[in-house]
Undergrad: 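Would you mind keeping the following structure in view while I ask a few things?
These numbers come from a predicted model, not from an experiment.
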Amino acid sequence: MTLDFITSDLLDALDTARLTQRPTEHIALSLSDAYTVAARHTAIRRARGEVTVGRKIGFTNRTIWAEYGIDSPLWGHMYAGGLISAETGHARFAIGKLVSPRIEPEIVLGLSAPILANAEPDELAAKIAWVALGFEIVDCHYANWRFAIPDVIADFGLHTGLVVGRRHMITPTEAATLAAQLPMIKLTLQLNRVAISEGTGANALGSPLLALGFLAETIASYGAEPLAAGELVTTGTLTPAMNIEPGQTWRSSVDWPALEPIELELVD
(Lines give C-alpha, C1' and ligand atoms only; values in the text may rest on other atoms or scores of the structure.)
Protein backbone atom coordinates (compact mmCIF):
# COMPACT_ATOMS: atom_id res chain seq x y z
CA MET A 1 0.00 0.00 0.00
CA THR A 2 1.79 3.12 -1.28
CA LEU A 3 0.99 6.79 -0.67
CA ASP A 4 -0.23 7.00 -4.26
CA PHE A 5 -2.65 4.13 -3.64
CA ILE A 6 -3.87 5.62 -0.35
CA THR A 7 -4.43 8.98 -2.04
CA SER A 8 -6.48 7.57 -4.90
CA ASP A 9 -8.35 5.01 -2.78
CA LEU A 10 -9.56 7.53 -0.21
CA LEU A 11 -10.49 10.05 -2.88
CA ASP A 12 -12.61 7.38 -4.54
CA ALA A 13 -14.14 6.47 -1.17
CA LEU A 14 -15.09 10.13 -0.74
CA ASP A 15 -16.54 10.43 -4.25
CA THR A 16 -18.49 7.16 -4.15
CA ALA A 17 -19.49 7.19 -0.45
CA ARG A 18 -18.00 3.82 0.45
CA LEU A 19 -15.96 2.28 3.22
CA THR A 20 -12.33 1.35 2.74
CA GLN A 21 -9.50 -0.16 4.75
CA ARG A 22 -7.44 1.85 7.17
CA PRO A 23 -3.93 2.49 5.80
CA THR A 24 -2.36 1.76 9.20
CA GLU A 25 -3.70 -1.79 8.99
CA HIS A 26 -1.17 -2.36 6.20
CA ILE A 27 1.75 0.05 6.61
CA ALA A 28 3.39 2.19 9.28
CA LEU A 29 1.86 5.45 8.09
CA SER A 30 3.54 8.39 9.85
CA LEU A 31 1.95 11.76 10.54
CA SER A 32 4.22 13.23 7.87
CA ASP A 33 3.05 10.61 5.38
CA ALA A 34 -0.58 11.30 6.25
CA TYR A 35 -0.22 15.05 5.77
CA THR A 36 1.50 14.33 2.44
CA VAL A 37 -1.61 12.40 1.38
CA ALA A 38 -3.79 15.26 2.63
CA ALA A 39 -1.77 17.80 0.62
CA ARG A 40 -2.15 15.64 -2.50
CA HIS A 41 -5.90 15.49 -1.93
CA THR A 42 -6.04 19.27 -1.65
CA ALA A 43 -4.10 19.72 -4.88
CA ILE A 44 -6.33 17.25 -6.73
CA ARG A 45 -9.56 18.75 -5.43
CA ARG A 46 -8.44 22.27 -6.27
CA ALA A 47 -7.43 21.13 -9.76
CA ARG A 48 -10.93 19.81 -10.36
CA GLY A 49 -12.47 23.11 -9.30
CA GLU A 50 -13.07 22.78 -5.57
CA VAL A 51 -12.24 25.89 -3.53
CA THR A 52 -10.71 25.80 -0.04
CA VAL A 53 -12.23 28.22 2.48
CA GLY A 54 -10.42 27.42 5.71
CA ARG A 55 -9.25 24.71 8.07
CA LYS A 56 -10.86 22.34 10.52
CA ILE A 57 -9.14 21.27 13.71
CA GLY A 58 -10.13 17.82 14.88
CA PHE A 59 -9.95 16.05 18.22
CA THR A 60 -9.26 19.16 20.27
CA ASN A 61 -11.68 17.76 22.88
CA ARG A 62 -9.52 15.55 25.09
CA THR A 63 -12.60 14.10 26.82
CA ILE A 64 -13.33 11.99 23.71
CA TRP A 65 -9.77 10.76 23.05
CA ALA A 66 -10.27 7.49 24.94
CA GLU A 67 -13.44 6.72 22.95
CA TYR A 68 -11.47 6.78 19.69
CA GLY A 69 -8.14 5.51 21.00
CA ILE A 70 -6.24 8.62 19.89
CA ASP A 71 -4.00 11.06 21.72
CA SER A 72 -3.58 14.22 19.65
CA PRO A 73 -5.46 16.75 17.51
CA LEU A 74 -5.12 17.16 13.74
CA TRP A 75 -6.14 19.54 10.97
CA GLY A 76 -7.51 19.50 7.44
CA HIS A 77 -8.84 21.79 4.72
CA MET A 78 -12.49 22.79 4.31
CA TYR A 79 -14.18 23.44 0.97
CA ALA A 80 -16.75 25.90 -0.31
CA GLY A 81 -18.97 23.06 -1.53
CA GLY A 82 -19.56 21.94 2.05
CA LEU A 83 -20.03 25.41 3.56
CA ILE A 84 -23.59 26.38 4.48
CA SER A 85 -24.71 29.66 6.01
CA ALA A 86 -27.19 29.73 8.87
CA GLU A 87 -27.18 33.53 9.26
CA THR A 88 -30.95 33.37 9.89
CA GLY A 89 -30.36 30.88 12.70
CA HIS A 90 -31.63 27.91 10.67
CA ALA A 91 -30.24 25.74 7.87
CA ARG A 92 -30.69 22.37 6.20
CA PHE A 93 -28.01 19.81 5.37
CA ALA A 94 -28.39 16.73 3.16
CA ILE A 95 -26.67 13.65 4.59
CA GLY A 96 -28.30 10.86 2.60
CA LYS A 97 -25.19 10.20 0.50
CA LEU A 98 -22.74 10.06 3.42
CA VAL A 99 -21.29 6.83 4.82
CA SER A 100 -21.52 7.20 8.60
CA PRO A 101 -22.09 10.86 9.47
CA ARG A 102 -21.87 12.53 12.85
CA ILE A 103 -22.46 16.08 14.05
CA GLU A 104 -20.20 18.27 16.17
CA PRO A 105 -21.16 21.63 17.75
CA GLU A 106 -18.22 24.00 17.50
CA ILE A 107 -17.01 27.57 17.77
CA VAL A 108 -16.01 28.98 14.40
CA LEU A 109 -13.48 31.79 13.97
CA GLY A 110 -13.09 34.13 11.01
CA LEU A 111 -9.58 35.48 10.48
CA SER A 112 -8.87 39.14 9.74
CA ALA A 113 -5.10 38.69 9.32
CA PRO A 114 -2.55 35.92 8.72
CA ILE A 115 -1.79 33.70 11.72
CA LEU A 116 1.78 32.64 12.38
CA ALA A 117 3.20 30.08 14.79
CA ASN A 118 4.01 30.83 18.43
CA ALA A 119 1.50 33.67 18.83
CA GLU A 120 0.10 34.33 22.31
CA PRO A 121 -3.69 34.11 22.87
CA ASP A 122 -4.05 37.89 23.04
CA GLU A 123 -2.18 38.22 19.73
CA LEU A 124 -4.47 35.64 18.18
CA ALA A 125 -7.57 37.38 19.54
CA ALA A 126 -6.51 40.60 17.82
CA LYS A 127 -6.67 38.79 14.46
CA ILE A 128 -10.21 37.42 14.85
CA ALA A 129 -12.73 39.23 12.65
CA TRP A 130 -15.78 37.34 13.87
CA VAL A 131 -16.99 34.43 15.99
CA ALA A 132 -20.00 32.18 15.35
CA LEU A 133 -21.55 28.94 16.46
CA GLY A 134 -21.28 26.16 13.94
CA PHE A 135 -22.02 22.53 13.24
CA GLU A 136 -19.35 20.46 11.57
CA ILE A 137 -20.64 17.40 9.73
CA VAL A 138 -18.02 14.67 9.83
CA ASP A 139 -17.92 11.32 8.03
CA CYS A 140 -15.61 8.33 8.34
CA HIS A 141 -14.67 6.02 5.49
CA TYR A 142 -13.44 3.29 7.86
CA ALA A 143 -15.69 0.68 9.46
CA ASN A 144 -17.08 1.40 12.93
CA TRP A 145 -15.20 4.69 13.27
CA ARG A 146 -12.00 2.81 14.14
CA PHE A 147 -8.72 4.46 13.17
CA ALA A 148 -5.37 5.91 14.19
CA ILE A 149 -4.59 9.61 13.82
CA PRO A 150 -2.68 9.16 10.49
CA ASP A 151 -5.74 7.37 9.09
CA VAL A 152 -7.94 10.34 10.00
CA ILE A 153 -5.59 12.91 8.50
CA ALA A 154 -5.52 10.93 5.25
CA ASP A 155 -9.33 10.63 5.33
CA PHE A 156 -9.82 14.39 4.82
CA GLY A 157 -9.73 14.97 8.57
CA LEU A 158 -13.21 13.35 8.52
CA HIS A 159 -14.54 16.71 7.32
CA THR A 160 -17.63 16.84 5.12
CA GLY A 161 -19.29 20.19 5.75
CA LEU A 162 -19.58 23.20 8.02
CA VAL A 163 -22.74 25.09 8.90
CA VAL A 164 -21.97 28.56 10.23
CA GLY A 165 -24.43 30.57 12.32
CA ARG A 166 -24.77 34.32 12.55
CA ARG A 167 -21.32 35.91 12.61
CA HIS A 168 -20.66 38.19 15.55
CA MET A 169 -18.13 40.81 14.52
CA ILE A 170 -15.45 41.34 17.15
CA THR A 171 -14.83 44.93 18.25
CA PRO A 172 -11.43 46.04 19.56
CA THR A 173 -12.90 46.10 23.05
CA GLU A 174 -14.15 42.52 22.71
CA ALA A 175 -10.84 41.40 21.24
CA ALA A 176 -9.13 42.50 24.45
CA THR A 177 -11.28 40.09 26.49
CA LEU A 178 -11.75 37.29 23.95
CA ALA A 179 -8.93 35.13 25.30
CA ALA A 180 -10.61 35.09 28.70
CA GLN A 181 -14.18 34.85 27.36
CA LEU A 182 -14.02 31.92 24.94
CA PRO A 183 -12.91 29.18 27.40
CA MET A 184 -15.78 30.11 29.74
CA ILE A 185 -18.56 29.68 27.17
CA LYS A 186 -21.07 26.98 28.12
CA LEU A 187 -22.77 25.22 25.20
CA THR A 188 -26.00 23.22 25.23
CA LEU A 189 -26.74 20.73 22.45
CA GLN A 190 -30.33 19.74 21.71
CA LEU A 191 -31.83 17.00 19.53
CA ASN A 192 -35.44 17.61 18.51
CA ARG A 193 -35.72 20.24 21.27
CA VAL A 194 -34.43 17.93 24.02
CA ALA A 195 -31.10 18.79 25.65
CA ILE A 196 -28.74 15.83 25.34
CA SER A 197 -25.24 17.18 25.99
CA GLU A 198 -23.24 20.15 27.26
CA GLY A 199 -19.72 21.42 26.79
CA THR A 200 -17.53 24.44 27.34
CA GLY A 201 -15.11 26.46 25.26
CA ALA A 202 -12.31 25.03 27.40
CA ASN A 203 -12.98 21.62 25.82
CA ALA A 204 -11.22 22.85 22.65
CA LEU A 205 -7.62 22.35 23.88
CA GLY A 206 -8.32 24.72 26.76
CA SER A 207 -9.75 27.42 24.49
CA PRO A 208 -10.67 27.90 20.82
CA LEU A 209 -7.80 30.38 20.66
CA LEU A 210 -5.35 27.78 21.97
CA ALA A 211 -6.70 25.40 19.35
CA LEU A 212 -6.01 28.08 16.73
CA GLY A 213 -2.47 28.41 18.10
CA PHE A 214 -1.99 24.64 17.80
CA LEU A 215 -3.19 24.81 14.21
CA ALA A 216 -0.72 27.56 13.29
CA GLU A 217 2.18 25.72 14.90
CA THR A 218 1.32 22.37 13.29
CA ILE A 219 0.90 23.94 9.87
CA ALA A 220 4.33 25.57 10.21
CA SER A 221 5.96 22.34 11.39
CA TYR A 222 4.80 20.48 8.27
CA GLY A 223 5.50 23.33 5.86
CA ALA A 224 1.85 23.70 4.84
CA GLU A 225 0.20 26.88 3.62
CA PRO A 226 0.03 29.41 6.48
CA LEU A 227 -3.32 30.66 7.70
CA ALA A 228 -4.45 33.69 5.69
CA ALA A 229 -6.88 36.56 6.25
CA GLY A 230 -10.41 35.57 5.29
CA GLU A 231 -10.07 31.92 6.24
CA LEU A 232 -12.59 30.18 8.48
CA VAL A 233 -11.35 27.95 11.28
CA THR A 234 -13.62 25.54 13.12
CA THR A 235 -11.99 24.70 16.42
CA GLY A 236 -13.30 21.28 17.44
CA THR A 237 -16.36 19.76 19.02
CA LEU A 238 -17.32 20.89 22.51
CA THR A 239 -19.40 17.74 23.13
CA PRO A 240 -19.07 14.14 21.99
CA ALA A 241 -19.70 13.69 18.26
CA MET A 242 -23.26 12.43 17.74
CA ASN A 243 -24.58 9.94 15.19
CA ILE A 244 -27.11 11.57 12.88
CA GLU A 245 -29.86 10.63 10.45
CA PRO A 246 -32.33 12.43 8.19
CA GLY A 247 -35.37 13.88 9.92
CA GLN A 248 -33.51 15.14 12.97
CA THR A 249 -33.25 18.77 14.07
CA TRP A 250 -30.20 19.81 16.07
CA ARG A 251 -29.82 23.04 18.02
CA SER A 252 -26.75 24.58 19.65
CA SER A 253 -26.81 27.55 22.01
CA VAL A 254 -24.38 29.16 24.43
CA ASP A 255 -24.59 31.42 27.46
CA TRP A 256 -22.68 34.24 25.72
CA PRO A 257 -25.42 36.54 24.36
CA ALA A 258 -23.16 37.71 21.53
CA LEU A 259 -23.48 34.29 19.86
CA GLU A 260 -26.95 33.49 18.56
CA PRO A 261 -28.26 29.90 18.62
CA ILE A 262 -28.03 27.76 15.51
CA GLU A 263 -30.55 25.14 14.37
CA LEU A 264 -29.88 22.51 11.73
CA GLU A 265 -32.43 20.31 9.99
CA LEU A 266 -31.01 17.11 8.53
CA VAL A 267 -32.52 15.85 5.28
CA ASP A 268 -31.93 12.94 2.94
Side-chain angles (χ1 to χ4, degrees), residues 17 19 56-68 78-79 81-109 130-146 152 155-168 182-204 208 211 232-268:
L19 292 174
K56 64 84 48 87
I57 318 173
F59 292 111
T60 58
N61 190 337
R62 296 184 181 95
T63 69
I64 65 174
W65 284 5
E67 175 185 354
Y68 295 98
M78 299 188 293
Y79 295 82
L83 182 63
I84 294 178
S85 172
E87 276 287 328
T88 63
H90 181 88
R92 304 176 81 197
F93 197 102
I95 61 170
K97 295 182 179 180
L98 301 182
V99 176
S100 182
R102 295 183 178 182
I103 194 169
E104 300 182 343
E106 310 198 3
I107 292 173
V108 184
L109 307 175
W130 53 266
V131 179
L133 290 183
F135 282 122
E136 185 182 10
I137 305 299
V138 291
D139 198 17
C140 182
H141 295 100
Y142 311 123
N144 303 314
W145 278 75
R146 296 293 96 188
V152 178
D155 191 19
F156 312 96
L158 307 181
H159 178 77
T160 293
L162 180 67
V163 181
V164 182
R166 185 179 295 276
R167 303 179 181 193
H168 173 70
L182 288 181
M184 304 299 294
I185 287 176
K186 180 180 178 180
L187 177 142
T188 300
L189 179 64
Q190 295 181 330
L191 169 58
N192 298 332
R193 296 292 179 175
V194 177
I196 62 169
S197 191
E198 293 183 343
T200 68
N203 283 352
L232 289 72
V233 175
T234 191
T235 55
T237 186
L238 302 186
T239 71
M242 304 291 181
N243 293 321
I244 53 177
E245 59 186 38
Q248 295 176 334
T249 298
W250 292 84
R251 187 177 190 270
S252 172
S253 60
V254 294
D255 60 355
W256 186 24
L259 294 186
E260 298 188 14
I262 179 175
E263 188 173 84
L264 182 62
E265 179 185 356
L266 300 177
V267 298
D268 200 21

Undergrad: Could you walk me through whether Met78 and Leu232 pass the side chain to side chain contact (heavy atoms under 4.5 Å, CB included) check?
TA: CA-CA 8 Å; Met78 299 188 293; Leu232 289 72; 4.2 Å; yes

Undergrad: Kindly write out the residues that satisfy salt bridge (Lys or Arg N to Asp or Glu O under 4.0 Å) with Glu67, not counting sequence neighbours, or none if the list is empty.
TA: none

Undergrad: Determine the minimum heavy-atom distance between Ser252 and Leu187, stating which atoms define it.
TA: OG-CD1, 3.2 Å

Undergrad: Rounded at 0.5 Å granularity, tell me how far CG in Asp268 sits from CD1 in Ile95.
TA: 8.0 Å

Undergrad: Would you name the heavy atoms of Leu162 and His159 that are closest together and state the gap between them?
TA: N-CE1, 4.0 Å

Undergrad: Find the distance between OG1 (Thr88) and CD (Glu260) and round it off to the nearest 0.5 Å.
TA: 10.0 Å

Undergrad: Can you name the side-chain contact (heavy atoms from CB on, under 4.5 Å) partners of Glu265, sequence neighbours left out?
TA: His90, Arg92, Thr249, Val267

Undergrad: Can you see which heavy atom on Lys56 is nearest to which on Val138, and at what distance?
TA: NZ-CG1, 4.1 Å

Undergrad: Please enumerate all residues that pass ring pair (Phe, Tyr, Trp, His ring centres under 6.0 Å) together with Phe93, with sequence neighbours excluded.
TA: none

Undergrad: Would you name the heavy atoms of Gly199 and Thr239 that are closest together and state the gap between them?
TA: N-CG2, 4.0 Å

Undergrad: Which heavy atom in Arg166 sits nearest to a heavy atom in Ala132, and how many Å separate them?
TA: O-CB, 3.5 Å

Undergrad: Which heavy atom in Val152 sits nearest to a heavy atom in Phe59, and how many Å separate them?
TA: CG1-CE1, 4.2 Å

Undergrad: Output all residues satisfying side chain to side chain donor-acceptor pair (under 3.5 Å) with Thr63, sequence neighbours left out; order by chain, then residue number.
TA: Asn61

Undergrad: Any chance you could measure Arg167, atom CZ, to Leu259, atom CG, to the nearest 0.5 Å?
TA: 13.0 Å

Undergrad: If the condition is side-chain contact (heavy atoms from CB on, under 4.5 Å), which residues does Ala91 pass it with, not counting sequence neighbours?
TA: Ile84, Ala86, Val163, Leu264

Undergrad: Would you compute the distance between atom NE2 of His168 and atom CG of Leu133 and round it to the nearest 0.5 angstrom?
TA: 11.5 Å

Undergrad: Before giving the answer on side chain to side chain contact (heavy atoms under 4.5 Å, CB included), spell out for Val164 and Trp130 the whole-Å C-alpha distance, their side-chain angles and the decisive distance to 0.1 Å.
TA: CA-CA 11 Å; Val164 182; Trp130 53 266; 4.0 Å; yes

Undergrad: Holding to side chain to side chain donor-acceptor pair (under 3.5 Å), I want the full list of residues that pass it with Asn203, two or more places apart in sequence or in another chain.
TA: none

Undergrad: More than 12 non-hydrogen atoms from neighbouring residues, nucleotides or ligands closer than 6.0 Å to CG on Asn144, yes or no?
TA: no

Undergrad: Can you name the residues that form a side chain to side chain donor-acceptor pair (under 3.5 Å) with Gln248, not counting sequence neighbours?
TA: Trp250

Undergrad: Is there any salt bridge (Lys or Arg N to Asp or Glu O under 4.0 Å) pair reaching into residues 187-196, and which pairs are they, with sequence neighbours excluded?
TA: Arg193-Glu263

Undergrad: Which donor-acceptor pairs under 3.5 Å do the side chains of residues 98-109 make with protein atoms, sequence neighbours left out?
TA:
{"from": "Ser100", "atom 1": "OG", "to": "Trp145", "atom 2": "NE1", "distance (Å)": "3.0"}
{"from": "Arg102", "atom 1": "NE", "to": "Asn243", "atom 2": "OD1", "distance (Å)": "2.8"}
{"from": "Arg102", "atom 1": "NH1", "to": "Tyr68", "atom 2": "OH", "distance (Å)": "2.8"}
{"from": "Glu106", "atom 1": "OE1", "to": "Thr234", "atom 2": "OG1", "distance (Å)": "2.6"}
{"from": "Glu106", "atom 1": "OE1", "to": "Gly236", "atom 2": "N", "distance (Å)": "2.9"}
{"from": "Glu106", "atom 1": "OE2", "to": "Thr237", "atom 2": "N", "distance (Å)": "3.4"}

Undergrad: State which residues pass side-chain contact (heavy atoms from CB on, under 4.5 Å) with Ala195; sequence neighbours excluded, sorted by chain then number.
TA: Thr188, Gln190

Undergrad: Sequence neighbours excluded, which residues qualify as salt bridge (Lys or Arg N to Asp or Glu O under 4.0 Å) partners of Lys186?
TA: Glu198

